[in-house]
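A quick note: this is a predicted structure, and the numbers were derived from the prediction, not measured. Chain letters run A, B, ... following the sequence lines, proteins first, then strands; residues in each count from 1.
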There are 2 protein chains.
Amino acid sequence: MQTGTLCLGLLTDGPKSGYTIKQLLSGPLNQIYNLSFGSIYPALNKLMDEKYVTCKQHAQDKKPDKKVYTITKKGTSYFEEVLLKEALEYLRSGTYGDQIKSEFLMMLLFSKFMPPETTNLIIDERVLHMRQILNLVEYEGPTSDQDDTRSMRSSAEGLFIRGLMTEVLKTSLNYIEQNRKKLNVK
Amino acid sequence: MQTGTLCLGLLTDGPKSGYTIKQLLSGPLNQIYNLSFGSIYPALNKLMDEKYVTCKQHAQDKKPDKKVYTITKKGTSYFEEVLLKEALEYLRSGTYGDQIKSEFLMMLLFSKFMPPETTNLIIDERVLHMRQILNLVEYEGPTSDQDDTRSMRSSAEGLFIRGLMTEVLKTSLNYIEQNRKKLNVK
DNA sequence: CAAGATCTATATCATATTGATATATGTATT
DNA sequence: AATACATATATCAATATGATATAGATCTTG
């Protein structure tokens with residue numbers, strides 16, 4: 001999926017800044033898709049050029065201007081068109097796998113070349129990290145006014161994806177804690 | 001993890017060609033780490049320059065020469081050194097998450113903008129794909145002579161990772177099949 | 001309470017990676 | 001016989017990363 005399409009898609013759910021999009025991808029969507037600022041900002045500028053979004057500079061007292069992007073009517077119809085095009089392209093390509101780079105698992109694969117205490121530290125930190133993500137994904141508490149995760153948390157799609165992430169994270173955590181002793185001596 | 005480090009690590013388990021490394025990453029390691037040829041070949045050439053690997057050209061009848069890379073003594077000690085360095089760097093950085101781009105989940109998030117039949121097709125194909133990966137990961141049958149997955153399949157690390165992948169894949173498959181009806185109106 | 005760290009916010013850029021394409025032959029399918 | 005797919009390496013334009021710069025706000029901790 002093109003980065004522009006993705007940004008446009010997130011903007012269908014309400015105006016957002018580049019920083020907010022990054023926060024979404026690093027936060028509630030972190031198990032789904034990551035992008036760096038270096039991809040997001042140029043993509044938003046391109047969407048501006050093509051009139052698929054408009055931008056309001058929110059001068060904030062003392063903070064740098066927040067550029068809030070809003071999807072236009074043209075942008076919405078373009079999004080629906082290009083999403084379908086990319087979906088059909090995806091189906092045609094036959095490559096249904098995700099793009100994954102798990103430094104964690106790769107290091108575990110090579111763990112016999114590391115001191116056991118390093119491996120144990122890596123696993124400990126990963127377990128803590130996964131528990132944090134699980135909290136983030138499972139969180140059902142109140143949502144504030146300008147909460148960009150609201151629809152993620154209430155729509156059928158959001159609930160489905162959150163449910164999947166929850167199950168997968170719990171399974172992983174459980175497996176790692178039950179089986180880590182098989183990896184390292186002690 | 002640097003691509004060179006990763007290639008070197010895979011070579012500690014026996015000589016391999018670039019094509020074989022790609023096969024490993026696309027096959028049994030596909031849920032762990034992916035790299036394109038455009039990353040693998042230059043990395044191997046660099047490892048050659050630095051004398052961390054040697055290369056034997058296997059002239060195959062009519063097929064293009066297969067360049068089989070073997071890790072050197074220098075390469076092995078370099079690998080252990082750099083792996084530890086990168087592991088400590090990883091721990092220090094505090095970013096324990098994986099790099100994930102799931103076009104599948106992103107499209108599901110946007111599924112209300114697609115015709116239901118497209119969403120259903122995408123899910124159907126994904127389920128088939130996951131079942132194929134599960135078969136690949138779970139496979140316990142006989143291994144041939146030049147099977148590059150042998151150690152992946154018998155070492156403690158390999159078993160741990162395969163077990164984790166199996167559990168996660170089964171959980172995902174189960175969840176998707178149980179809950180997909182909540183996504184699309186029939 | 002001051003110093004240091006972290007957060008909000010955008011931007012840039014050298015380096016790394018992807019994904020497509022080229023080349024060449026073998027094997028399997030239709 | 002033709003088409004598709006597998007083996008095998010290589011290149012490269014377009015894209016993405018990850019680090020760095022900038023700058024004020026807010027949180028934290030000895």
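Protein atom CE of B:Met1 is 17 Å distant from nucleotide atom C1' of C:dT17, rounded to whole Å. Rounded to a whole Å, the NZ atom of A:Lys67 is 8 Å from the P atom of C:dT10. The interatomic distance linking B:Leu44 (CG) with D:dT9 (C1') rounds to 11 Å, in whole Å. B:Gln99 places its CD atom 9 Å from the C1' atom of D:dA16, with the value rounded to the nearest Å. The interatomic distance linking B:Glu103 (CD) with C:dG19 (C1') rounds to 12 Å, in whole Å. Rounded to a whole Å, the NZ atom of B:Lys66 is 12 Å from the C1' atom of D:dA6. Regarding B:Leu6, its CG atom lies at a distance of 10 Å from the P atom of C:dT17, rounded to whole Å. Spacing between atom CD1 of B:Ile40 and atom P of D:dA10 amounts to 12 Å, rounded to whole angstrom units.
Applying the side chain to side chain donor-acceptor pair (under 3.5 Å) test to residues at least two apart or on different chains, the pairs with a partner in residues 163-175 of chain A are A:Glu138-A:Lys170, A:Thr171-B:Thr171. Sorted by first and then second residue, the pairs that involve residues 78-90 of chain B and meet salt bridge (Lys or Arg N to Asp or Glu O under 4.0 Å), not counting sequence neighbours, are B:Glu89-B:Arg92. Residue pairs meeting the salt bridge (Lys or Arg N to Asp or Glu O under 4.0 Å) criterion with at least one member in residues 10-35 of chain B: none, sequence neighbours excluded. Among residues at least two apart or in separate chains, there is no side chain to side chain donor-acceptor pair (under 3.5 Å) pair with a member in residues 32-47 of chain A.
Proximity of B:Thr3 to the phosphate of C:dT17: a side-chain N or O atom is located under 4.0 Å from OP1 or OP2.
If you check residues 82-98 of chain B against DNA chain D, you find no residue with a heavy atom closer than 4.0 Å. At a non-hydrogen distance threshold of 4.0 Å, B:Asn34, B:Leu35, B:Ser36, B:Gly38, B:Ser39 from residues 12-39 of chain B come into contact with DNA chain C.
Looking only at side-chain heavy atoms (C-beta outward), A:Leu44 and A:Ile21 come within less than 4.5 Å of each other.
Shown here are the salt bridge (Lys or Arg N to Asp or Glu O under 4.0 Å) partners of B:Glu125, two or more places apart in sequence or in another chain: there are none. Legend: residues meeting ring pair (Phe, Tyr, Trp, His ring centres under 6.0 Å) with B:Phe110, ordered by chain and number and at least two apart, are A:Phe79. Judged as a salt bridge (Lys or Arg N to Asp or Glu O under 4.0 Å), and not counting sequence neighbours, the contacts of B:Glu177 are B:Arg131.
The hydrophobic cluster containing A:Leu128, built from Ile/Leu/Val/Met/Phe/Trp/Tyr side-chain heavy atoms closer than 4.5 Å, comprises no other residue. Apart from A:Leu159 itself, the hydrophobic cluster it occupies contains nothing, where clustering links Ile, Leu, Val, Met, Phe, Trp and Tyr at side-chain heavy-atom distances under 4.5 Å.
Of the options B:Leu105, B:Leu108, B:Asn179, a side chain to side chain contact (heavy atoms under 4.5 Å, CB included) to A:Leu164 is made by B:Leu105 and by none of the others.
Axis angle between the ends of the helix from C:dC1-D:dG30 to C:dT30-D:dA1, five pairs each and rounded to 10 degrees, works out to 60°.
Using a 4.0 Å heavy-atom distance criterion, A:Lys101 is classed as a sugar-phosphate-only contact.
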